[in-house]
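A quick write-up on the structure given underneath.
What you are looking at is a predicted structure, and each value in this text was computed from that prediction instead of being measured.
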Amino acid sequence: LMIDPKDRANDIVDLVNSYSKDYSSNRITITLTNNQTVSGISSASLSSNGTFIIFKSVSQSGMKIQIVPIENILGINVS
């Protein structure tokens with residue numbers, strides 16, 4: 001089964017934005033292929049070509065933006 005990467009990216013953005021409305025943003029964690037994580041996500045959006053996802057999170061030091069290529073996303077955890 002082949003999934004278009006842009007479709008996968010849209011799904012990830014939809015899931016993150018949906019769950020961030022229903023749950024605390026601290027509960028959403030994205031695991032990357034290099035074993036790093038993106039956590040505390042308050043929203044996500046796609047780059048214009050759909051190859052990067054822009055994650056926004058709020059921390060004690062202010063707004064944080066992380067831009068991740070879609071091929072680097074391993075999984076999503078909502079706890």
Side-chain angles (χ1 to χ4, degrees):
L1 174 68
M2 291 296 296
I3 298 171
D4 185 321
K6 290 180 184 179
D7 290 340
R8 177 56 53 92
N10 278 314
D11 286 346
I12 291 169
V13 168
D14 289 345
L15 287 169
V16 167
N17 290 332
S18 175
Y19 277 105
S20 67
K21 291 177 188 172
D22 295 337
Y23 299 98
S24 164
S25 61
N26 292 330
R27 298 177 69 175
I28 302 170
T29 302
I30 303 291
T31 305
L32 305 178
T33 55
N34 63 0
N35 291 324
Q36 291 184 342
T37 59
V38 179
S39 59
I41 301 164
S42 58
S43 68
S45 58
L46 284 178
S47 63
S48 59
N49 289 323
T51 58
F52 291 91
I53 299 180
I54 300 112
F55 295 106
K56 293 182 181 178
S57 58
V58 179
S59 68
Q60 293 177 349
S61 60
M63 177 69 73
K64 181 178 177 183
I65 296 174
Q66 291 179 269
I67 301 170
V68 178
I70 59 170
E71 64 270 15
N72 289 0
I73 297 175
L74 187 60
I76 302 170
N77 184 33
V78 181
S79 57

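- Across all non-hydrogen atoms, the minimal contact from A9 to G50 is CB-O, 3.8 Å.
- Looking only at side-chain heavy atoms (C-beta outward), K64 and K56 stay at 4.5 Å or farther from each other.
- The two residues R8 and I3 make their nearest non-hydrogen contact at NH2-CD1, 2.7 Å.
- Judged purely by atom type and a 3.5 angstrom limit, N49 has no side-chain atom pairing as donor or acceptor with the backbone of T51.
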Derivation and outcome, side-chain contact (heavy atoms from CB on, under 4.5 Å), residues N72 and N34: CA-CA 8 Å; N72 289 0; N34 63 0; over 6 Å; no
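- Side-chain contact between I53 and I12: present, with at least one pair of heavy atoms (C-beta onward) separated by less than 4.5 Å.
- Heavy atoms only, all atoms of each residue included: V16 and A44 are closest at CG1-CB, 3.8 Å.
- Taking every heavy atom of both residues into account, L74 and T33 meet most closely at CB-N, 4.2 Å.
- Shown here is N35, whose CG atom has no more than 12 heavy atoms of other residues, nucleotides or ligands within 6.0 Å.
- If you take CD1 on I30 and CD on Q36, they are separated by 13.5 Å, rounding to the nearest 0.5 Å.
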Test side-chain contact (heavy atoms from CB on, under 4.5 Å) applied to L32 and T37, step by step: CA-CA 6 Å; L32 305 178; T37 59; over 6 Å; no
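- Closest non-hydrogen pair, S42 versus S20, comes out as O-OG, 3.2 Å.
- Shown here for I41 and S43, the closest heavy-atom pair between the two residues is CG2-O, 3.4 Å.
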Steps toward side-chain contact (heavy atoms from CB on, under 4.5 Å) verdict (I76, T29): CA-CA 6 Å; I76 302 170; T29 302; over 6 Å; no
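- For the side chain to side chain contact (heavy atoms under 4.5 Å, CB included) criterion with F52, the lone passing option out of I70, L46, I67 is I67.
- At least one donor-acceptor pair closer than 3.5 Å links the side chain of N10 to the backbone N or O of K6.
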